[in-house]
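Take a look at the structure below.
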Amino acid sequence: MTTLTDPTFPPTASTSRHGLRLVDAGARMWRVVDRAGRIVGHVRTSPDAEARQFHALRYSARLTRFFELGRFWTLDDAVSCLHYAR
């Protein structure tokens, strides 16, 4: 389980098992990048600190917007969703 202590900087240990890394992409949002530098998706946290959730997002060039793959209680689960949904 990943515990997020600082909402502006997520721990990167959760991405190591998939060979992914997190890159800051704005307020409460991180870009998930693979070893080759390709963007796998994005993870956004909810603004509510009491019930923090991690949203796994993909960008659709055809629709020109983000769409949500799922909401998760842990960063690990959100990153795993992006990894396996490729």
Side-chain angles (χ1 to χ4, degrees):
M1 184 170 116
T2 301
T3 303
L4 188 63
T5 55
D6 180 0
T8 62
F9 186 76
T12 57
S14 65
T15 60
S16 63
R17 71 176 168 190
H18 298 301
L20 303 172
R21 63 187 172 92
L22 299 177
V23 178
D24 187 21
R28 300 183 336 265
M29 183 177 271
W30 297 271
R31 187 172 294 116
V32 181
V33 181
D34 68 8
R35 288 184 183 116
R38 291 182 297 254
I39 298 171
V40 176
H42 290 76
V43 174
R44 185 183 70 218
T45 61
S46 59
D48 185 12
E50 295 278 324
R52 182 167 314 259
Q53 290 185 335
F54 297 89
H55 305 260
L57 305 168
R58 276 277 161 76
Y59 182 77
S60 171
R62 187 174 60 82
L63 300 174
T64 64
R65 68 175 181 89
F66 285 100
F67 63 94
E68 187 174 288
L69 295 176
R71 294 179 186 181
F72 303 92
W73 292 112
T74 67
L75 178 61
D76 295 335
D77 291 342
V79 171
S80 291
C81 173
L82 289 169
H83 172 74
Y84 291 116
R86 289 204 242 188

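These numbers come from a predicted model, not from an experiment. The first residue of the sequence shown is numbered 1, and numbering continues consecutively from there.
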Quick one: ring pair (Phe, Tyr, Trp, His ring centres under 6.0 Å) partners of Tyr59, sequence neighbours excluded?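 By the ring pair (Phe, Tyr, Trp, His ring centres under 6.0 Å) rule, Tyr59 matches Phe66.
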Those residues that, when tested against Tyr84, pass ring pair (Phe, Tyr, Trp, His ring centres under 6.0 Å) (two or more places apart):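 With sequence neighbours excluded, Tyr84 shows a ring pair (Phe, Tyr, Trp, His ring centres under 6.0 Å) to His18, given in chain and number order.
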Hey, what else clusters with Ile39 if you join Ile, Leu, Val, Met, Phe, Trp, Tyr whenever side-chain heavy atoms sit under 4.5 Å?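 The other cluster members (ILVMFWY side chains, heavy atoms under 4.5 Å, direct or chained): none.
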Under 4.5 Å side-chain heavy-atom separation, chaining through any Ile, Leu, Val, Met, Phe, Trp or Tyr, what else clusters with Val33? Say none if it is isolated.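 Listed partners: Val23.
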Taking all atoms of both residues into account, what is the closest heavy-atom pair of [X] and [Y], and its distance?
| X | Y | answer |
| --- | --- | --- |
| Ala56 | Cys81 | CB-SG, 4.2 Å |
| Ser46 | Arg28 | C-NE, 4.0 Å |
| Leu57 | Met29 | CD1-CE, 3.6 Å |
| Asp77 | Phe72 | CB-CD2, 3.7 Å |

Indicate if Phe67 and Val32 have the same hydrophobic cluster label, given that clusters are the connected sets of ILVMFWY residues with side-chain heavy-atom separations under 4.5 angstrom.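 Yes; tracing contacts between hydrophobic side chains, which count when under 4.5 Å, links both residues.
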Hphob cluster co-occupancy, Leu69 + Trp30, side-chain heavy atoms under 4.5 angstrom: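 Same hydrophobic cluster.
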Salt bridge (Lys or Arg N to Asp or Glu O under 4.0 Å): pairs with one or both residues in residues 56-74, sequence neighbours excluded: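 Matches after skipping sequence neighbours: Glu68-Arg71.
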Kindly indicate whether the side chain of Leu20, heavy atoms from C-beta on, has any atom under 4.5 Å from the side chain of Leu82.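 No, side chains not in contact.
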Partner set under side-chain contact (heavy atoms from CB on, under 4.5 Å) for Ala27, not counting sequence neighbours: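 Applying side-chain contact (heavy atoms from CB on, under 4.5 Å) to Ala27 gives none.
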So, taking the atom named OG1 in Thr45 and the one named CD in Gln53, what distance separates them when rounded to the nearest 0.5 Å?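 These two atoms lie 10.5 Å from each other.
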